[in-house]
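Please read these numbers as outputs of a predicted model, since none were measured by experiment.
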Amino acid sequence: MDQQPYNPSEIEARIQQRWNQDKVFVAREKQGAEKFYCLSMLPYPSGALHMGHVRNYTIGDVISRYHRMLGKNVLQPMGWDAFGLPAENAAIKNNTAPAKWTYSNIEHMKIQLKRLGFAYDWTREFATCQPDYYRWEQLMFTRLMKKGLAYRKGAEVNWDPVDQTVLANEQVVDGRGWRSGAVVERRSIPQWFLKITDYAEELLNGLDDLDGWPEAVKTMQRNWIGRSEGVEFELKVCNEHGQPDQRDLAIRVFTTRPDTGFGVTYAVLAPEHPLVGLITSAAQQIEVNEFVEKASAETEADRLAEGGEKQGVFTGAYVLNPFNNKAVPLYLAEYVLMGYGTGAIMAVPGEDQRDWDFANLNQLPIIRTVQPPEDWAGEAFNGDGPSINSEWLSGLHLQDARKKAIDWLEERGLGERTVNYRLRDWGVSRQRYWGCPIPVIYCPACGAVPVPEEQLPVVLPEDVTFMGVQSPIKADPEWRKTQCPQCGANAERETDTFDTFMESSWYYARYCSPGSNAQLDERAGYWLPVDQYIGGIEHAILHLMYFRFYHKLMRDAGIVHGDEPATRLLCQGMVVAETYRQKQEDGTTAWINPADVDVERDNEGKVLAARLASSGIQVEIGSVEKMSKSRNNGVDPNDLVESYGADTVRLFSVSNSAPEKSLEWSDSGVEGAFRFLRRLWSLVSTHVAEGTVAALQIEELNKDQKRIRCLVHDTIAKVSDDIAHRLTFNTAIAAVMELSNHMSRYKSRSDQDRAVLDEGWNAIVRLMAPITPHICEELWERLGHTESITSTLWPEADESARVKSTLTIAVQVNGKLRANIQVSPGSTEDEVRKIAVAEINVQRHIEGKMICKVILVPDRLLNIVVS
RNA sequence: GCCGGAGUGGCGAAAUUGGUAGACGCGCUGGAUUCAAAAUCCAGUUUUGGCAACAAAGUGUCGGUUCGAGUCCGACCUCCGGCACCA
């Protein structure tokens, strides 16, 4: 049979051009049609597409194209998260302007995206570094200033004393600046904050209704917000005999466990606490200063980690425990953070493990105030039990004791009930150039004044040269010069820029109002909320929290409706790959790209060794890690599209594991995907070449024909469920492969055989169309359809074809499989039992024993329990 | 350290609500085809014992609940993601 071979590059170029010409994926607001807004997280234009992008965008495209085939009005946009640190680093390294570098990366990556055939509406594309985009976020910010939701306060940064610049956490390696190598200092400078804490309660409660979000993400967000109910009260500073401090000093503490108040044996201040200087005794001064200095050099994560060792120092001061009026020593410790609660705690080592560890390290007394269970082998006990050693609280259980303790403090005016959150306000100032300028003017007379709306946007100059590492707008004395909008006096612009999370917090809405001369217009009302959002699990907390917060800010500004930006969320796993390394003569490790390595196996398929393809020299096999430059284990999607075509790359990206799990790269896996497409191509072509197909006569089908037709419709049902509800494209593809294997083995070719097979191939081509759209478009046409597969409807399973006359069910004796038997669907326990005990192998295991129980799982399994 | 997740054949994995563990793919072995190779097609492939029928074991470790546990509960081990200035 003379057939054209599968030639993806020819097919894909031709089909993509046709989609493009026909403007197939340009979305319009159509009243009446059910809308579906499918959004993948926008990429940072780092230079080239990597496999993580390909995986993310393939998943989004499969979902988009599937919903399109359900007849919905689908929007799938794409854009660029264009501000950020790497552009500045590239600028410093290569002496190019960040804007130029960014735009050229965008141009390159856009070509790569287009070659993968994603169904994007490119007419809505934008880059977040365009003044047309960021002007709206400046406007929003000035309005938040007026509402009191944006405010300025001192906050710490990493200061590189050599480069005279602020470093991102990522740029601090082992406490040193990554470029200068200088020991990094912590410095407090004034910065802008958004009051996300005002929305803490709503952000928390809103999670309960986000049924379409993964539980893991919701749990992480709940814990991040960290709501706790408790009481805030004062500990009066005193000397060791309990005599009050003459200055009447007191520290405020927050606790969720006031019921343990009689167990307080010391108290702790955060090293940055403002009262440290006032409270420290002369004798402890030197030690305390040293400790504060050391603590301030460390980041928070370091302080909390540090091998679990609870570092601290005595201040020389004491505080009065209001519960029993006893003086307890006051310490500084790294495990107490200024940013959480009041920056000070009462310590109850008997009921808190961190306090327990600290007490032991510093030889402080421990008093249990909750009776642990008898077999208690732990150290601190934070569970429920009767209070002990607690005067008027003794005998009460946790809830009652807590309430009584709070009432007691409130009645005496010593403290009050408080709800505390771990969540902190969002610091949006960055001391960097390549970001959205913060629209504020500082006037010597009027203070911080928002830039008036008619003067927006404050445009970031793009044609700049980097002198060293300094931000060009900070280095330029002219750029900042301006007049105060209120009094007209000479004033200066803010030279800090926004955190880039600011841009990625509202881009989803802007896609819905392209070209609008307002931030958003009524078209956003049509498309929002996002019906399916897709992105990496690494964004579970920060981005996705800011994204929800910003939506609520826009809602309160009256420009969007609804409380949440996205109803369904899918977090895909990472793309990982084998690593290979080689020790160099100078002792360093060279990482070898998997593409340059041949793997040697024994005749059972076990890996024996890996060798360089070029020289045959053996290399060490490393662990499987996230694809990265540093491990040189990345693969270039471009090369793959070149050799196999976009459909193969797309197929592999979703076929080898469930989307939320990590995807391990394998060359032979890609080969396998390609092989399947080639087989599909040849099977469908052969079927078409066999000539015209007779009409299907469902009533006339023989047993074998019915069996195939049943498989076809089972597969349609399975694939529909997998794509629509479970988002498990891997199992959907496996089901299609299974069906195609069965169909290819079906050899007889009567009129009705061919009619059944024709129905099958028509189903398979549509089921695969969201995943491998180019080959399916081509095969669809060859199957005789004139309409594009992009406007064809998804196949529906014919339930009558799925009815089976007999089922295979398992027979167990004492939970162990002993036979498989054929029964008719819906058989009763007696009917199944009769067939089961007739089986020789079943008889062997029940012979001479008493049947004490029989359990039937209808149409699945029968378990006979004997003794 | 805290929060979240994962651990299943030689490998990537599947098992949807507690009901036949290993679908599908890769690799490997044998065969067909070929002058030969590639490609393709067919068969086999968890481990152990057995010619086989079949039996026993088996889902990171230890223990528990249940007629029945990869799935639920308790303790632990290892790996991965996040921890507020990478995005």
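For A/Ala810, counting side-chain heavy atoms from C-beta on, the closest listed nucleotide (B/G19, B/U20, B/A87) is B/U20. Nearest nucleotide to the A/Asn841 side chain, out of B/G4, B/C85, B/A55: B/A55. Of all nucleotides listed (B/G82, B/A84, B/A14), B/A84 comes nearest to the side chain of A/Arg424. The A/Ser668 side chain lies nearest to B/G27 when the options are B/G27, B/U16, B/C42. In this structure, of B/G25, B/A84, B/C85, it is B/C85 that holds the atom nearest to the side chain of A/Val166. Residue A/Leu423 has its side chain nearest to B/A84 when only B/U20, B/A23, B/A84 are considered. The nucleotide whose nearest atom lies closest to any side-chain atom of A/Arg860 is, among B/U20, B/C86, B/A87, B/U20. Nearest nucleotide to the A/Leu542 side chain, out of B/A55, B/G4, B/A87: B/A87. For A/Arg675, whose side chain is taken as the heavy atoms from C-beta onward, the closest listed nucleotide among B/G4, B/C85, B/C26 is B/C26. Nearest to the side chain of A/Val865, among B/U20, B/C67, B/C28, sits B/C67.
Nucleic acid contact for A/Leu861: base, since at least one base atom lies under 4.0 Å from a heavy atom of the residue. Base contact: A/Gln431 has a heavy atom under 4.0 Å from a base atom. Using a 4.0 Å heavy-atom criterion, one finds that A/Asn741 contacts the sugar-phosphate atoms exclusively. As judged by a 4.0 angstrom heavy-atom cut-off over every strand, A/Leu167 is placed among the base-contacting residues. Residue contacts shown for A/Glu215 are absent, as no nucleic acid heavy atom lies under 4.0 Å away. Nucleic acid contact class of A/Met574 (heavy atoms, under 4.0 Å, all strands): sugar-phosphate only. The residue A/Ala735 sits apart from the nucleic acid: no heavy atom pair falls under 4.0 Å. Residue contacts for A/Lys718: at a heavy-atom cut-off of 4.0 Å it reaches a base atom on one of the strands shown. Among the heavy atoms of the strands lying under 4.0 Å from A/Ser662 are primed sugar atoms or P, OP1, OP2 only; no base atom is included. Within the nucleic acid shown, A/Ser504 has no heavy atom closer than 4.0 Å to any nucleic acid atom.
One finds no side-chain N or O of A/Asn656 lying less than 4.0 angstrom from the OP1 or OP2 phosphate oxygen of B/A14. When the side-chain nitrogen and oxygen atoms of A/Thr500 are compared with OP1 and OP2 of B/A87, one or more of them lie within a distance under 4.0 Å. In this model, the phosphate group of B/A14 is approached by a side-chain N or O of A/Asn730 to a distance below 4.0 Å at OP1 or OP2. Regarding contacts with the backbone of B/C85, a side-chain N or O of A/Arg430 is found under 4.0 angstrom from either OP1 or OP2.
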Tabulate protein N/O versus nucleotide N/O from nucleotides 56-58 of chain B, keeping only pairs under 3.5 Å, one per line.
| residue | atom | partner | partner atom | Å |
| --- | --- | --- | --- | --- |
| B/A56 | OP2 | A/Arg818 | NH1 | 3.2 |
| B/A57 | OP2 | A/Lys816 | NZ | 3.1 |

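Scanning atom types as modelled, no donor and acceptor separated by under 3.5 angstrom connect the side chain of A/Glu625 and the base of B/C80. At a cut-off of 3.5 angstrom, the base of B/C85 holds at least one donor-acceptor pair with the side chain of A/Arg432. Between the side chain of A/Glu538 and the base of B/C83, no donor-acceptor pair of N or O atoms lies under 3.5 Å. Looking at A/Asn863, its side chain comes within 3.5 Å of the base of B/C67 through a donor and an acceptor atom.
Annotation: the span from A/Tyr580 atom OH to A/Arg631 atom CZ amounts to 15.0 Å, rounded to 0.5 Å. Atoms CH2 and OG, on A/Trp101 and A/Ser46 in that order, are 6.5 Å from each other to the nearest 0.5 Å.
With a cut-off of 3.5 Å on both pairing distances, the Watson-Crick or G-U wobble partner of B/U40 is B/A32. Nucleotide B/G74 forms a pair with B/C62, judged by Watson-Crick or G-U wobble geometry with both contacts under 3.5 Å. Pair assignment for B/G27 gives B/U45, based on Watson-Crick or G-U wobble hydrogen-bonding distances that are each under 3.5 Å. Across all strands shown, B/U16 forms no Watson-Crick or G-U wobble pair with both distances under 3.5 Å. Across all strands shown, nothing is found opposite B/G9 as a Watson-Crick or G-U wobble partner with both distances under 3.5 Å. With a cut-off of 3.5 Å on both Watson-Crick or G-U wobble distances, the partner of B/G1 is given as B/C83.
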Test log, rule side chain to side chain contact (heavy atoms under 4.5 Å, CB included), inputs A/Ile846 and A/Val837: CA-CA 8 Å; A/Ile846 60 177; A/Val837 297; 4.0 Å; yes
Worked verdict on A/Phe674 versus A/Phe652 for ring-ring contact (aromatic ring centres under 6.0 Å, His included): CA-CA 8 Å; A/Phe674 183 66; A/Phe652 176 76; over 10 Å; no
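In this structure B/G12 sits in the anti conformation; its chi angle is more than 90° from 0.
Taking a 6.0 Å sphere around CD1 of A/Ile840, one finds it holds 12 or fewer heavy atoms contributed by other residues, nucleotides or ligands.
Closest approach of A/Tyr57 to A/Met78, counting heavy atoms only: CE2-CE, 3.7 Å.
In this structure, the side chains of A/Arg354 and A/Trp356 stay at 4.5 Å or more apart for every pair of heavy atoms. Between A/Phe547 and A/Trp506 the shortest side-chain heavy-atom distance does not fall below 4.5 Å. You'll find the side chain of A/Tyr644 reaches within 4.5 Å of the side chain of A/Glu671, heavy atoms only.
A/Arg726 places its CZ atom 7 Å from the P atom of B/U16, with the value rounded to the nearest Å. For the pair A/Leu862 CG and B/G19 P, the computed distance is 16 Å after rounding to whole Å.
Taking 4.0 Å as the cut-off between side-chain N and carboxylate O, A/Asp425 and A/Lys195 do not count as a salt-bridged pair.
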